[in-house]
Enquirer: 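First, the structure itself, so that you have it in front of you.
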Amino acid sequence: MKFTQTFIPTLKEAPKDAEIVSHKLLFRAGLIRKLSSGIYSYLPLGLRSIQKISDIIRRGMDKGGAQEVLLPLVIQKDLWEESGRWQAYGKELLRFQDRHEKWFTVGPTHEEVIVDLVRNDIQSYKQLPVNLYQIAPKFRDEIRPRFGLMRGREFIMKDGYSFDRDEEHANKTYQKMYDAYNWIFKQCGLNFRAVEADTGTIGGKFSHEFMVLANTGEEAIVSCDACGYAANREKAEIGYETSGSAAGSTAEEVGRTASPAPPLAATPGMHTVEEVSRFLNVPPSKIVKTMIVKTDDGFAAALVRGDRELNLIKLKNALHADTVELATDADCVRLAGAHGGSLGPVGLKLKIVADNEIKHMENMVTGANKDDFHYTDVHAGRDFTPGMFADIRNAGAGDACPHCFKPMSITRGIEVGHIFKLGTKYSVKMHAEFLDENGASMPFVMGCYGIGVGRTLAASIEQNNDKDGIIFPMTIAPYEIELIAINMKDKDITDTAEAMYNEMSGRGFDIIYDDRDISPGMKLKDADLLGFPVRIIIGSKFKNEGTIEIKIRKTGEVITSTRQELFEKITAIRKSLLP
Ligand code: ATP
Ligand code: MG
């Protein structure tokens, strides 16, 4: 492709709303343009990169036994009512009516559509497994679209869904997809990690997120260098060498006061851990936070150390609940007699789940269930008895690994892919069944597998850039090679460049030729910004010595070549830059 024949509107300035480097560079290099909040157009270069990522995904998925389909974007309400998600999905679901006033949605994900497809056409176990995927736009009315392609409202996703006859087969399919994802992200040239994610009711190691490591990532990854354990923060377990046995007991007992109450201290207007800590001159690690939560099975109280964060997902799992949310202030007053910030376990008539760490704490400060008062010198077991000790807090740097007890560390990541065993959640609700060997009707055992295609492009730029611009990995660069003729007024140079461009394109090299009649400085600046991996420069050296310069964007290395050696050298360089 010649520069003058394509549309690459590069810019000096990034848009004002661009906070992270990938958003700035995608815009400045002319890969995307914004239409409205979270909605983007892909320009020729952006689309080329998206197509290369998509092709890698196709190869990986196909190798893993999946097949590509294309599903409708607009989906009728009835299907979403069958799964129960028309109500449950919330405001991210864009809903609209057609001319007959029938309700529809623009699909944010396609479980309903695929289940409908498969239940109508697959009758027998002999037709299984089925594993189908598509690469297509999705729409989610995100509450805070931001960071360009990272969190859009309309975005391109690869979504795949598998159907198996039983758990065992479904687990094998899951493993194939796990392997395919590792291959795909490696091919994309990313530095990534597969981390365990929450599986809800499924259990086991059947949900993994694929995280691109980057400081700007929205997700925290907890990992152990010693044994390789890695999980997202929602899921990451914390090792307790001595107190493990306590977790898993049931929360039937309620907190009770076992005579006499601990010392009471007035803490007027002090509600946060920081305020109480300063006022009573005790470190936050000596304070216990009490939070009342509402579950589908009633109310409960959760206790964590003042310097820790409650993890609602872990709490939900510990309580075997389907839903858990923080109780309203009005509920706190009604159930405990005090507002949030003055709650405590002593005398509280609720199920109490205490974080494992609290088991060994002494002289704790807790709220007194009386506004503006705290108890000091509280002891678990003496002043209150939790129904259960469990791991219910977020892991932090330095916490012990659940497998080898070595200290773990925290890194930030961008979730580019997510694989999940769904089990029979959708097939049971939507009556998607097949006949097994004995002629019995069985629900399909499903898995689902997503990749954010645009997010993968953004994440790659987040990881590969410098002050001058993008540094594309070879496999997903819009073009692998850029040919630059330094002086378009010099016929020798332009003739050579033109001939070389024709020959290289003819030989199948993925090349773009900057044939614009602009200053060399501007061409080189744009080349840095656009970040194609290999640059061929025909300039003064060619005039004087007959040599051509090859520059590698990533390392800055310059290699001199004669015209005769060029193809051989470029082929070798190209190969050395592949994953
Ligand atoms: P997140 O926690 O980031 O909102 P999610 O759990 O909602 O992600 P999934 O439903 O698992 O995401 O979607 C599969 C993949 O689609 C994600 O791993 C991510 O790469 C991508 N994705 C999800 N939401 C967006 C979005 N708003 N913009 C761009 N890509 C997205
Ligand atoms: Mg989401």
Side-chain angles (χ1 to χ4, degrees), residues 20 22-23 26 32 34-40 42 46 50 53-54 56-57 61 83 85 88-94 105-114 133-161 174 177-178 180-182 184-185 188 190 192-200 202 206-214 216-221 231-235 313 412-422 425-426 446-463:
I20 60 172
S22 61
H23 187 184
L26 278 165
I32 59 166
K34 179 169 155 180
L35 181 65
S36 67
S37 173
I39 300 180
Y40 294 89
Y42 299 86
I50 290 283
I53 295 169
S54 304
I56 293 172
I57 294 173
M61 292 300 290
S83 69
R85 288 208 292 184
Y89 207 89
K91 289 194 171 168
E92 267 185 35
L93 193 70
L94 181 70
T105 174
V106 181
T109 171
H110 278 69
E111 282 82 358
E112 285 80 0
V113 176
I114 203 95
Y133 71 94
Q134 66 167 343
I135 299 176
K138 293 273 180 277
F139 194 94
R140 294 183 183 177
D141 204 353
E142 297 275 354
I143 184 163
R144 267 190 81 200
R146 60 196 171 132
F147 300 156
L149 297 187
M150 212 62 101
R151 186 168 296 284
R153 293 199 297 162
E154 183 178 320
F155 58 96
I156 301 170
M157 197 204 281
K158 188 285 293 180
D159 51 325
Y161 310 87
Y174 184 87
M177 289 294 101
Y178 179 87
Y181 270 50
N182 277 297
I184 288 166
F185 292 121
C188 289
L190 293 164
F192 71 98
R193 216 159 169 171
V195 307
E196 290 176 25
D198 180 52
T199 44
I202 302 273
F206 290 115
S207 175
H208 285 89
E209 287 168 349
F210 288 77
M211 300 280 198
V212 169
L213 306 182
T216 46
E218 289 184 288
E219 314 287 334
I221 307 165
N232 78 14
R233 204 177 197 166
E234 284 173 355
K235 151 104 183 179
I313 293 182
R412 298 213 69 85
I414 301 163
E415 180 200 317
V416 287
H418 189 182
I419 58 174
F420 198 92
K421 195 171 140 199
L422 284 171
K425 184 174 162 192
Y426 290 90
M446 291 177 61
C448 69
Y449 317 97
I451 293 180
V453 182
R455 192 183 281 184
T456 300
L457 169 58
S460 166
I461 296 176
E462 212 56 46
Q463 215 169 50

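Both ligands and their constituent atoms are indexed starting at 1 by order of listing. Computed from a predicted model, the values in this text were never measured in an experiment.
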Enquirer: Taking the non-hydrogen atoms of Val416, is any one of them nearer than 4.0 angstrom to ligand 1?
Expert: yes
Enquirer: At under 4.0 Å between heavy atoms, which part of Arg455 makes contact with ligand 1: side chain, backbone, both or neither?
Expert: side chain
Enquirer: I'd like to know if the side chain of Glu209 pairs up with that of Asn232 as donor and acceptor (distance under 3.5 Å, no hydrogens or angles considered).
Expert: yes
Enquirer: With heavy-atom distances below 4.0 Å as the criterion, list the atoms of ligand 1 near Glu142.
Expert: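 Those qualifying, in numeric order: 24 (N), 26 (C), 27 (N).
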Enquirer: Would you check if Tyr89 and Thr109 make a side-chain contact, meaning some heavy-atom pair closer than 4.5 Å?
Expert: yes
Enquirer: For atom 30 (N) of ligand 1, what's the nearest protein heavy atom and its distance?
Expert: Phe155 CD1, 3.4 Å
Enquirer: Does Gly417 reach ligand 1, in the sense of a heavy atom lying below 4.0 Å from it?
Expert: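 Gly417 counts as a contact of ligand 1 under the 4.0 Å cut-off.
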Enquirer: Side chains of Asp159 and Gln134: donor-acceptor distance under 3.5 Å anywhere?
Expert: yes
Enquirer: Students should be able to answer this: which protein heavy-atom is nearest to atom 18 (O) of ligand 1, and at what distance?
Expert: Glu415 OE2, 2.6 Å
Enquirer: So, does Leu149 sit close enough to ligand 1 that a heavy atom of it is under 4.0 Å from the ligand?
Expert: yes
Enquirer: Is the closest heavy atom of Glu209 to ligand 1 under 4.0 Å?
Expert: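 Not so, Glu209 does not reach ligand 1.
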Enquirer: Nearest protein heavy atom to atom 11 (O) of ligand 1, by residue and atom, and its distance?
Expert: His418 ND1, 3.3 Å
Enquirer: Listed by chain and number, what are the side-chain contact (heavy atoms from CB on, under 4.5 Å) partners of Glu154, not counting sequence neighbours?
Expert: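 Per chain and number, Glu154 pairs via side-chain contact (heavy atoms from CB on, under 4.5 Å) with Ile39, Pro137, Phe139.
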Enquirer: Can you tell me which residue and heavy atom of the protein come closest to atom 28 (N) of ligand 1, and the distance to 0.1 Å?
Expert: Gly152 N, 3.0 Å
Enquirer: Please tell me whether His110 and Tyr161 form a close aromatic pair, meaning their ring centres lie under 6.0 Å apart.
Expert: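 Centroid distance His110-Tyr161: not below 6.0 Å, so no.
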Enquirer: For ligand 1, indicate whether the residue Arg140 contacts it via side chain, backbone, both or neither (heavy-atom separation under 4.0 Å).
Expert: side chain
Enquirer: Flag yes if more than 12 heavy atoms outside Lys235 fall under 6.0 Å of its NZ atom; otherwise flag no.
Expert: yes
Enquirer: Less than 4.0 angstrom from a charged side-chain N to a carboxylate O is my criterion; do Glu218 and Arg412 meet it?
Expert: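 No.
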Enquirer: Report the part of Asp159 (side chain from C-beta onward, or backbone N, CA, C, O) that has a heavy atom under 4.0 Å from ligand 1; answer both or neither where that applies.
Expert: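 For Asp159, there is no contact with ligand 1 at all, from either part.
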Enquirer: Is it the side chain, the backbone, both or neither of Arg151 that has a heavy atom closer than 4.0 Å to ligand 1?
Expert: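 For Arg151, the contact with ligand 1 is made by both the backbone and the side chain.
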Enquirer: Please report which non-hydrogen protein atom sits nearest to atom 15 (C) of ligand 1, along with the residue it belongs to and the distance in Å to one decimal place.
Expert: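 Among all protein heavy atoms, the one nearest atom 15 (C) of ligand 1 is Gly452 N, 3.8 Å.
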Enquirer: One thing to verify: whether Glu142 and Arg151 come together as a salt bridge, which I'm taking to mean a side-chain N less than 4.0 angstrom from a carboxylate O.
Expert: yes
Enquirer: Starting from atom 16 (O) of ligand 1, locate the nearest protein heavy atom and write down its residue, its atom name and how far away it is, to 0.1 Å.
Expert: Met157 CE, 3.6 Å
Enquirer: Can you give each donor-acceptor pair under 3.5 Å made by side-chain atoms of residues 413-422, sequence neighbours left out, with the distance rounded to 0.1 Å?
Expert:
unit_1: His418; atom_1: NE2; unit_2: Ser207; atom_2: OG; d: 3.0
unit_1: Lys421; atom_1: NZ; unit_2: Glu167; atom_2: OE1; d: 2.5
unit_1: Lys421; atom_1: NZ; unit_2: Asn171; atom_2: OD1; d: 2.8

Enquirer: Is a side-chain donor-acceptor pair under 3.5 Å present for Tyr40 with Arg153?
Expert: no
